[in-house]
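Working notes, structure below.
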Amino acid sequence: MILNLWTLTTSLVIMLSLGASANTAQASSSSLSLPLQGTSSQPQDLTLEPAFWWAGMHNPELQLILYSRDFPSLPQQLKVDIQGQGITLKSLEHTDNPHYLFINLDLSQAAPQTFELVISSTDSALKTNTPLYRLPYTLQARVKGSRERQGFSNKDVIYLITPDRFANGDTSNDNQADMLEQVAANSPSNLSNPSTPYYPDARHGGDIAGISQHLAYLAKLGVTQLWINPLLENNQAHYSYHGYSITNLYRVDPRFGSNEDYKALVAKANKLGLGVIKDVVVNHIGSNHWWLNELPSQDWLNDATKTPLNNHESKPNFIQSTDTKSSAIKSSITSPRFTSHRRTTVQDPYAAAQDHIDFVDGWFTDTMPDLNQSNPKLATYLIQNSIWWVEYAGLSGIREDTYSYADKEFLAKWSKAVMTEYPNFNIVGEEWTANPITVSYWQKGKINADGYTSDLPSLMDFPLYEKLIASLNEPESWDTGFIKLYEMLANDVVYADPSKLVLFEGNHDTNRIFSLVKENIDLYKMALTYILTAKRIPQLFYGTEVLMTSPTEGRHDGVVRSDFPGGFANSATNAFTGQGLSEPQRQAQQFVRTLLNYRKQSPALQSGDLLHFVPQDGIYVQFRCVLNAPLSAEQKAEALKSRIQNNSLTQHNACTQPSADKVMVIYNKNDKAVTLDIKRFASVLGDSGAATDIISGKTVSLNQALALPHAGVTILELKPNSKIKSKSKSKSPLNAGLPSRQDSMLSRNQANALTRAHTNNSAINLAKNSTQKGTQS
């Protein structure tokens, strides 16, 4: 039943039975709740979400969720009056829990205003006609250009921050009376008990103020987007610092700051040319979310009561309501099914249905209840919550956690709803697998055999990341080393748009890149250069620029997410100022800064074509190229003709055009001095006689073989038909380059092992059958 009421006061009473549909389906992620009264994660006498909205949204429909223990036991006895202009009350909806009310509004004709929701009961037993609640509700005016906001793109470099570990700018908010976990006794922010063993998984005190105070450092470094691990309330007894067990989806954790602090951070960052990407979780919530005290409906979570405990011994200890009125609908969850993590079951044409359910419906842990997005009210709640934060905080992107673990039909609706509201926005999903087929399934534009379509623009490129680490650490041979990285790029054909993937050198779930390459400066430089020059959207992890380390095997989350140097009191070193940094750290930071700031003004690295050559003799060469001017009709015809005649996919590549701006990247694993015969690259170099080394600023002659004194990376800029001024007298701090292998932290024996492996295999390689191919992990 839909009523179109255009008068100043609209009234609706809808009779619905208590037997609401009990859909059983897959999980959703974080939910946001902002109590109308108070600020704790527990519900007050009345909770209304979202607390306010905006007029003029592309989707004019809004669903309000109200919770009150004062609602009558029969939901059909509730009456809602709306006193406002141009607001249509479409319907009321109920669930099997009479303490929840869902109000559906049409705001297509509504201007910004504050109107009143009047909630009354028609129970004849009540002796008074006084409404239960008179609630003011505000429709705010949208910021000009909000719908057209530009999301992150290939022009950007993303910098990932774990806020509890980056910088503590306000020690007064470290501990909160209403939060279960306090800052560790021996954390950098609380040294009152130094004898206590260091606990890497405890809270350390980093916050929004700490990020805000160091935005200038980040802008100078050259990054342009900040992805911040979840800042929302995590009122959990343990491991609350990481942010992925959200207990209030509309409230910033007070140990990080406030909602207003977050909004101010984004505004300040924007003024410095930095966008902010929100980490969103739609697969699960924290077990201390107030919903677990009294679920909105029995199917709000993937129902663990219907399946036996099959792979976990512990049982969750949930909060249970003492309200006798709700005893009939209390959650009796005691043994949830835990996810199998078998991601391919979502798209596997041969997968057993139960295996698919085990993956999608299973819980991560007993402290992360799995949400059921096939419940339409929960689905709407989660979609509105994501849009609310984009609009409220002024975001330029969303990073969606554990993407494929949620119900895939909901994910299609969620991504479409966000991208329809903000057509130029961007969302990157986490699909943690080394299989590009699995990753490509979720990207917008992919034609899938099962007909599934998605509006998700981007995904994290785990397959290329995994291959990068492996290829750098392996000796060079016919089927190991650079060849694996080279051949992995051929898998780009399975993606709808591989250039929109986010490629990273590490994140909060992976071990540190400097450690993974055995603290080898040369390999570190190659890894960072590959990330920042690839035909992808690059992402760096905080502290990578100053060689932060970690173990190399297994999961060590608390150590991986160690404190950023200088972000906390009594830090021995300060990466923000450079004080106390070692020479390798100092030069690594400058290397990253130089490359990042060059990329900011390089169309070739931002959007250029990619052309690469098969690795030979421990050297791998790539080009990124962009045309200065569009090709003429004759040039396009000639390029097409050449492409057909040569049966090549790259004849139309900008790198084959003399008029293009080009960047040449040379990766060299040889420990001893070698020369690179550049005649092999004549089709790209053309008549270019010189290039500029973008790190040292020196001019490099292209009229002879290039001398490569030791292992490392060389990045050259080539301009068409123009003379390049020599910068050999530049006083750049990187003129000497980063420490050579002889000076790096890697032992000499390890370094020589790479060269010996290459030398010993060279004769064998010549005899190998040409049909041999590199393996993929």
Side-chain angles (χ1 to χ4, degrees), residues 434 462 464-477 479-486 488 503-532 540-557 559-562 565 581-589 591-592 595 615 617-620 665-674 708-714 737-761 774-775 777:
F462 278 92
L464 195 54
Y465 160 78
E466 298 280 359
K467 202 61 66 179
L468 174 64
I469 303 302
S471 68
L472 289 177
N473 282 304
E474 291 178 348
E476 289 298 302
S477 71
D479 57 0
T480 62
F482 283 141
I483 191 63
K484 286 188 175 181
L485 190 58
Y486 173 87
M488 175 55 79
L503 181 61
F504 52 97
E505 48 73 29
N507 63 35
H508 58 290
D509 291 324
T510 67
N511 290 318
R512 291 278 180 175
I513 184 66
F514 190 51
S515 297
L516 290 176
V517 296
K518 303 178 180 66
E519 298 191 1
N520 181 319
I521 289 289
D522 299 322
L523 296 180
Y524 165 87
K525 288 170 59 181
M526 292 188 217
L528 269 290
T529 300
Y530 192 89
I531 299 298
L532 296 172
L540 304 179
F541 189 30
Y542 79 94
T544 291
E545 72 271 25
V546 288
L547 308 179
M548 285 181 66
T549 60
S550 73
T552 58
E553 301 292 338
R555 290 291 293 264
H556 304 273
D557 292 345
V559 178
V560 166
R561 307 160 191 169
S562 293
L581 293 180
S582 67
E583 189 58 25
Q585 286 180 309
R586 203 181 303 275
Q587 292 208 27
Q589 187 182 52
F591 175 82
V592 173
L595 186 50
D617 302 321
I619 298 175
Y620 180 22
V665 187
I666 305 167
Y667 301 96
N668 172 31
K669 277 191 185 176
N670 293 283
D671 185 49
K672 295 181 180 179
V674 296
L708 304 177
H710 59 76
V713 63
T714 303
L738 284 178
S740 67
R741 180 158 305 182
Q742 292 87 338
D743 301 321
S744 75
M745 299 179 190
L746 180 65
S747 71
R748 187 68 180 176
N749 290 336
Q750 288 176 301
N752 289 336
L754 290 175
T755 304
R756 286 197 300 271
H758 169 73
T759 303
N760 293 338
N761 285 323
T775 58
S777 62

* **Interatomic distance, Met526 atom CE to Ile531 atom CD1 [nearest 0.5 angstrom]** => 14.0 Å
* Structure fact -> On a heavy-atom basis, the closest approach of Ser477 and Ile483 is O-CG2, 4.4 Å
* Grab the two heavy atoms, one from Phe482 and one from Leu472, that are nearest each other, plus how far apart they are. => CE2-CD2, 4.0 Å
* Roughly how far, to the nearest 0.5 Å, is the CD atom of Glu466 from the NZ atom of Lys484? -> 12.0 Å
* Please examine the side chains of Thr544 and Val592, heavy atoms only from C-beta on, and report whether any two atoms are closer than 4.5 Å. => no
* **Stepwise side-chain contact (heavy atoms from CB on, under 4.5 Å) check, Ile521 with Leu547** => CA-CA 9 Å; Ile521 289 289; Leu547 308 179; 4.0 Å; yes
* Asked: What distance do Leu540 atom CG and Leu528 atom CG have between them, rounded to the nearest 0.5 Å?
  -> 6.0 Å
* side-chain hydrogen bond (donor to acceptor under 3.5 Å, both in side chains) with Ser471: which residues, sequence neighbours excluded? -> none
* Only counting residues at least two apart or in another chain, list the ones meeting side chain to side chain contact (heavy atoms under 4.5 Å, CB included) with Thr549. => Phe514, Ser515, Glu519
* Asked: Are Thr529 and Val665 side-chain neighbours, meaning at least one heavy-atom pair lies under 4.5 Å?
  -> yes
* **Residue list, side-chain hydrogen bond (donor to acceptor under 3.5 Å, both in side chains) with Tyr465, at least two apart or on another chain** => none
* Passes side-chain contact (heavy atoms from CB on, under 4.5 Å), Arg561 versus Asp509? Steps please. -> CA-CA 9 Å; Arg561 307 160 191 169; Asp509 291 324; 3.1 Å; yes
* Asked: How far does CG of Asn507 sit from OH of Tyr542, to the nearest 0.5 angstrom?
  -> 11.5 Å
* To do: Mind running side-chain contact (heavy atoms from CB on, under 4.5 Å) on Leu468 and Phe504 for me, showing each step along the way?
  => CA-CA 10 Å; Leu468 174 64; Phe504 52 97; over 6 Å; no
* To do: Measure across Thr480 and Pro475 and return the closest heavy-atom pair with its distance rounded to 0.1 Å.
  => OG1-O, 2.6 Å
* Asked: Taking the six-membered ring for Trp, are Tyr667 and Tyr530 parallel (under 30°), tilted (30 to 60°) or perpendicular (over 60°)?
  -> tilted
* Derivation of the side chain to side chain donor-acceptor pair (under 3.5 Å) call for Gln587 and Glu583 -> CA-CA 6 Å; Gln587 292 208 27; Glu583 189 58 25; 3.0 Å; yes
* **N/O donor-acceptor pair under 3.5 Å between Asn520 side chain and Asp522 backbone** => yes
* To do: To the nearest 0.5 Å, tell me how far Leu595 CG sits from Lys525 NZ.
  => 11.0 Å
* salt bridge (charged side-chain N to carboxylate O under 4.0 Å, His left out) partners of Arg512, counting only residues at least two apart -> none
* Asked: Are Lys518 and Leu523 close enough that some pair of their side-chain heavy atoms sits under 4.5 Å apart?
  -> no
* Structure fact -> In short, Glu476 meets Gly481 closest at the heavy-atom pair OE2-CA, 3.1 Å
* Structure fact -> Residue set satisfying side chain to side chain contact (heavy atoms under 4.5 Å, CB included) with Asn511, at least two apart, ordered chain then number -> Leu516, Ser550, His556, Val560
* Structure fact -> ring-ring contact (aromatic ring centres under 6.0 Å, His included) filter on Phe541, not counting sequence neighbours, yields none
* I would like to know whether Ile666 and Tyr620 meet side-chain contact (heavy atoms from CB on, under 4.5 Å); could you show each step before the answer? => CA-CA 6 Å; Ile666 305 167; Tyr620 180 22; over 6 Å; no
* Asked: Do side-chain atoms of Gln589 reach the backbone of Val546 as a donor and acceptor pair under 3.5 angstrom?
  -> no
* **Separation of Asn473 CG from Lys669 NZ (nearest 0.5 Å)** => 7.5 Å
